[in-house]
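Note that the structure is predicted; figures quoted are calculated from it, not measured. Chain letters run A, B, ... following the sequence lines, proteins first and then strands; every chain starts at 1.
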Protein chains: 2
Amino acid sequence: MVKAADRAKNPARSSVWLEKRAARAGGGPAGLDRDRIVAASIRMLDEEGLAKFSMRRLAAELNVTAMSLYWYVDTKDDIIEFALDALYGEIDLAAVDAAGGWQGRIRALALAFRRMLVRHAWASPCAGSYLNIGPNAIAVGTKIQEAIRDTGLPLHGLPGAMSAVFQFVYGYGTLESQFGRRAAEAGMSQDDFFTEAVSAFRDDPEFAVQVADMKEILDERVSHGSVSDIWERDFAYALDILIAGIEVMAARTE
Amino acid sequence: MVKAADRAKNPARSSVWLEKRAARAGGGPAGLDRDRIVAASIRMLDEEGLAKFSMRRLAAELNVTAMSLYWYVDTKDDIIEFALDALYGEIDLAAVDAAGGWQGRIRALALAFRRMLVRHAWASPCAGSYLNIGPNAIAVGTKIQEAIRDTGLPLHGLPGAMSAVFQFVYGYGTLESQFGRRAAEAGMSQDDFFTEAVSAFRDDPEFAVQVADMKEILDERVSHGSVSDIWERDFAYALDILIAGIEVMAARTE
DNA sequence: CTGGGTCTCGTACACCGTACAAGGGCTCTC
DNA sequence: GAGAGCCCTTGTACGGTGTACGAGACCCAG
């Protein structure tokens, strides 16, 4: 029974997870349920994207009216925050433990995180602007901390190292997933889309000099294979750099 | 005179910059102008945020009706894309050249990029989902390529190295700016906001074990100073890792 | 039978992006 | 001077959005 009046007491709550109230039971005639709402949301977000996702459409999917959802949830943002945390749950932490050494665990975590972002193109805009303090996000964060802690870096370097690796993964996953999303929306393959995007400045005489500089890199890129091969290769190389860098910094302070 | 019919021929154009049409002159009675529109947009976005930014509000700011804007611009998204590119123009590339060595130039570029993202909290959600192929973005990208090229890394490693550094900066800037934005929206200092966010799991008995693991890091963090000091320190350390990693990888292939 | 909680729905409000057509004012041509 | 035509601005309208509010429908306890 948290109605508007109660909600108004907490006007700028910055995350659902800071709300202490428990989830609604949900044995009503419509068979609604917070978990069902979140699951349906993820399905719709995956299929139609963040832009088309609306309370009315979600409600229709669940054979219910929009306002029914508000019994289980305070705002649309809360649904998205729940959905986002559920995505963190897709990351298989047991598999991470199976990898050997902190290097292996960091690689495994980075890859799983990146794959999650790419699989759900709506996730990275959300992850970027919410707090990510749900239980699944925290669990992933803890695993990350454990891995970073084992690098042998000094205490004051641990947060920086965590950022170096996982803010990179977030950025990379964002780039990759949004590129894929826009290509799909334009009805093109990623390869065609890449060609079109490059054409924006390749054809512009003002950028002729710059293009000459880039040409070598672009050519190497194209000759290497498809865009999706490139995503893999560059990601792997970046991780190599990061791990090498951590090893060096750890050795320096021994 | 690109009207709806013409626009429909290019239904899913993925960037303003792929449009060939030149900007509208704009000597009309209202003194409107694409540059004026973009400048006003940046001002409003800085002050009120992406969520409150609307065509009607922007038009009111310019003493004009919403539909007038559509003479100079095809969609709201186009305005944002123009505004975003203008932000890249704030990055002082001449100052970057003044820094010594590729290490210095990478540090200078990274810092300037991060500062830009933090100064304009609306920028990182946008930068994440648009293509960033406007003239200013390309100019920055070119400077980045030049710096990376001088690292001595093999050709096939250059894109990965670029990503390692600048997707990290993007991710870090996103985290920092969105954290600042949410704190401001909640009417708190970043320090208070941080405390509240941590409390979400610190108080939860389920996470007691995890918190024990984190405690050392959190304590070190708090003892080090304010949140904004921490942002600086961790960013610097992450860049140290990245540069060390690049140096190692370059040496390996010599 | 009568509450009162749990859940769903209908209606309504303010706001959004933008399509469309109707102008006003200017300049250029006859 | 009259008219045509372009540049720019506006009014109105459509189909959406999130969600506040109040009215019910159902069920279970007293």
Side-chain angles (χ1 to χ4, degrees), chain A residues 1-13 16 21-37 40-41 44-45 48-81 83, chain B residues 1-13 16 21-37 40-41 44-45 48-81 83:
Chain A
M1 199 142 349
V2 173
K3 279 285 162 56
D6 300 33
R7 235 181 274 157
K9 287 178 192 167
N10 197 357
R13 170 171 54 75
V16 231
R21 183 167 58 79
R24 244 67 185 254
L32 227 46
D33 188 298
R34 197 171 79 188
D35 286 347
R36 263 171 55 74
I37 292 176
S41 300
M44 289 188 69
L45 284 162
E48 310 182 346
L50 194 55
K52 304 212 70 173
F53 179 70
S54 83
M55 295 300 274
R56 283 180 240 256
R57 289 166 63 85
L58 171 59
E61 186 86 356
L62 291 163
N63 292 114
V64 110
T65 62
M67 289 313 292
S68 304
L69 304 172
Y70 286 91
W71 180 251
Y72 302 93
V73 133
D74 280 352
T75 69
K76 183 192 179 189
D77 270 13
D78 287 1
I79 296 183
I80 295 177
E81 223 178 331
Chain B
M1 200 143 347
V2 174
K3 280 284 161 57
D6 301 33
R7 236 181 271 157
K9 288 179 192 166
N10 199 358
R13 169 171 56 74
V16 231
R21 183 167 58 77
R24 243 67 185 256
L32 226 47
D33 188 298
R34 197 171 79 187
D35 287 347
R36 261 169 56 74
I37 292 175
S41 300
M44 289 189 69
L45 285 162
E48 310 182 346
L50 193 56
K52 305 212 69 172
F53 179 69
S54 82
M55 296 298 275
R56 283 178 239 256
R57 290 166 64 86
L58 172 60
E61 186 86 359
L62 291 163
N63 291 112
V64 111
T65 61
M67 289 312 293
S68 304
L69 304 172
Y70 286 90
W71 181 251
Y72 302 93
V73 132
D74 280 352
T75 69
K76 182 192 179 190
D77 270 12
D78 287 2
I79 296 184
I80 296 177
E81 224 178 330

Length of the line joining [X]:[atom1] and [N]:[atom2], which is rounded to integer Å:
X: B:L62; N: D:dT10; atom1: CG; atom2: P; answer: 11 Å
X: B:R34; N: D:dC8; atom1: CZ; atom2: C1'; answer: 17 Å
X: B:L58; N: C:dT18; atom1: CG; atom2: P; answer: 12 Å
X: A:L69; N: D:dG18; atom1: CG; atom2: P; answer: 10 Å
X: B:I79; N: C:dC16; atom1: CD1; atom2: C1'; answer: 14 Å

Which pair of heavy atoms, one from [X] and one from [Y], lies closest together, and at what distance?
X: A:L58; Y: A:M44; result: CA-SD, 3.6 Å
X: B:A66; Y: B:R56; result: CB-CG, 3.9 Å
X: A:L62; Y: A:A40; result: CD2-CB, 3.8 Å

Task: A:Y72 side chain near C:dT8 phosphate (N/O to OP1/OP2, under 4.0 Å) - done: yes
Task: Any A:W71 side-chain N or O less than 4.0 Å from OP1/OP2 of C:dC7 - done: yes
- [ ] Do nucleotides 11-17 of chain D as a string where each nucleotide becomes B, S or -: B if the base has a protein heavy atom under 4.0 Å, S if just the sugar-phosphate does, - if no protein is that close.
- [x] BBB---B
TODO: Taking the side chain as every heavy atom from C-beta outward, state whether A:E48 and A:F53 have any pair of such atoms under 4.5 Å apart.
DONE: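 No. Closest side-chain heavy atoms not under 4.5 Å.
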Task: Closest to side chain of A:R24, choosing from C:dT18, D:dT19, C:dC7 - done: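 Per side-chain heavy atoms of A:R24, the pick is C:dC7.
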Open item on the list: Whether the side chain of A:S41 engages the backbone of A:I37 through a donor-acceptor N/O pair (distance < 3.5 Å, no angle test) should be reported.
Closed with: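 Yes; at least one donor-acceptor contact below 3.5 Å.
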Task: A:V73 backbone acceptor or donor facing A:R34 side chain under 3.5 Å - done: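 Side chain of A:R34 to backbone of A:V73: no pair is present.
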